[in-house]
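This report concerns only the one structure given below.
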Amino acid sequence: SQELEQSPQSLIVQEGKNLTINCTSSKTLYGLYWYKQKYGEGLIFLMMLQKGGEEKSHEKITAKLDEKKQQSSLHITASQPSHAGIYLCGADRAAGNKLTFGGGTRVLVKP
Amino acid sequence: GAGVSQSPSNKVTEKGKDVELRCDPISGHTALYWYRQSLGQGLEFLIYFQGNSAPDKSGLPSDRFSAERTGGSVSTLTIQRTQQEDSAVYLCASSLRASGLNEQFFGPGTRLTVL
């Protein structure tokens, strides 16, 4: 969706390196979700952010929300081959109804 | 079951035929969502249910698409007179409720191919 822009569209990193994915919304956010998808599979929930300045971490993945800029970033530290996949950000604009998704970022981790 | 299940996992049909896609949400989840994922359009919202009601059908692409939910549980997405542009992966998700911020749990999807 053009309402939600993700960058970069694809990323190749060497195993052990860090990476960052950005998600920028052109409209007001109520909540911002990060999902991961492997080819041919459904979406796996990573994190949900609501408040401006909120930051959440799980294992080696950290997500932040900049409410002023309507932007979120997903950062992976010391990437591993298991981090490969498509990362999608989804915007909730109406408190629990439909999600609008970005175009996705395809991540490949080279061993 | 433990997660959202969808059936069939793959469906190949001929142009003009009707298809039905099924979604079994997580037990106790009152909200159910249908999305479509295609190469050209990415992941798009189709319709959501709160209980058996569908407050938002705005994402359904045409009147050939319809969905229903019975007993606050299973949902069926029906596509009539399928067209080649309907080919996509249809994803279903459920959440505890459709108000506030609740994680949406996704099923594995149904890959529809219209020949």
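Only a predicted model underlies this, so the values are computations on that prediction, with no experimental measurement involved. All values below were derived from every heavy atom in this structure, side-chain atoms included, with hydrogens, water molecules and symmetry-related copies excluded. Each chain gets a letter, A, B and so on, in the order its sequence line appears, and its residues count up from 1.
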Got more than 12 heavy atoms from elsewhere within 6.0 Å of CD1, A:Ile12? no
Nearest-0.5 Å distance that lies between atom CD1 in B:Ile47 and atom NZ in A:Lys98: 11.0 Å
In this structure, would B:Phe65 and B:Val114 fall into the same cluster of hydrophobic residues linked by side-chain contacts under 4.5 Å? yes
Mind checking the CZ-CG spacing from B:Phe106 to A:Leu88? Nearest 0.5 Å is all I need. 9.0 Å
In terms of heavy-atom contacts, does NZ of A:Lys64 have more than 12 from other residues, nucleotides or ligands at under 6.0 Å? no
Shortest non-hydrogen contact between B:Gln104 and A:Tyr35, atoms and distance: O-OH, 2.7 Å
Interface moiety of B:Ser9 toward chain A, non-hydrogen atoms closer than 4.5 Å: neither
ILVMFWY network linking A:Leu74 to A:Leu49, side-chain heavy atoms under 4.5 angstrom: yes
Go through the atoms of B:Glu44 and report whether side chain, backbone, both or neither lie under 4.5 Å from a heavy atom of chain A. neither
Counting distance only, does the side-chain N/O of B:Tyr35 pair as donor-acceptor with the main-chain N or O of A:Thr100 below 3.5 Å? no
Take atom NZ of A:Lys56 as the centre, draw a 6.0 Å sphere, and report whether it contains more than 12 heavy atoms from other residues, nucleotides or ligands. yes
Could you tell me whether B:Gln83 atom CD has more than 12 heavy atoms of other residues or ligands within 6.0 Å of it? yes
Which pair of non-hydrogen atoms, one from A:Gln37 and one from B:Leu91, has the smallest distance, and what is that distance? NE2-CD1, 4.5 Å
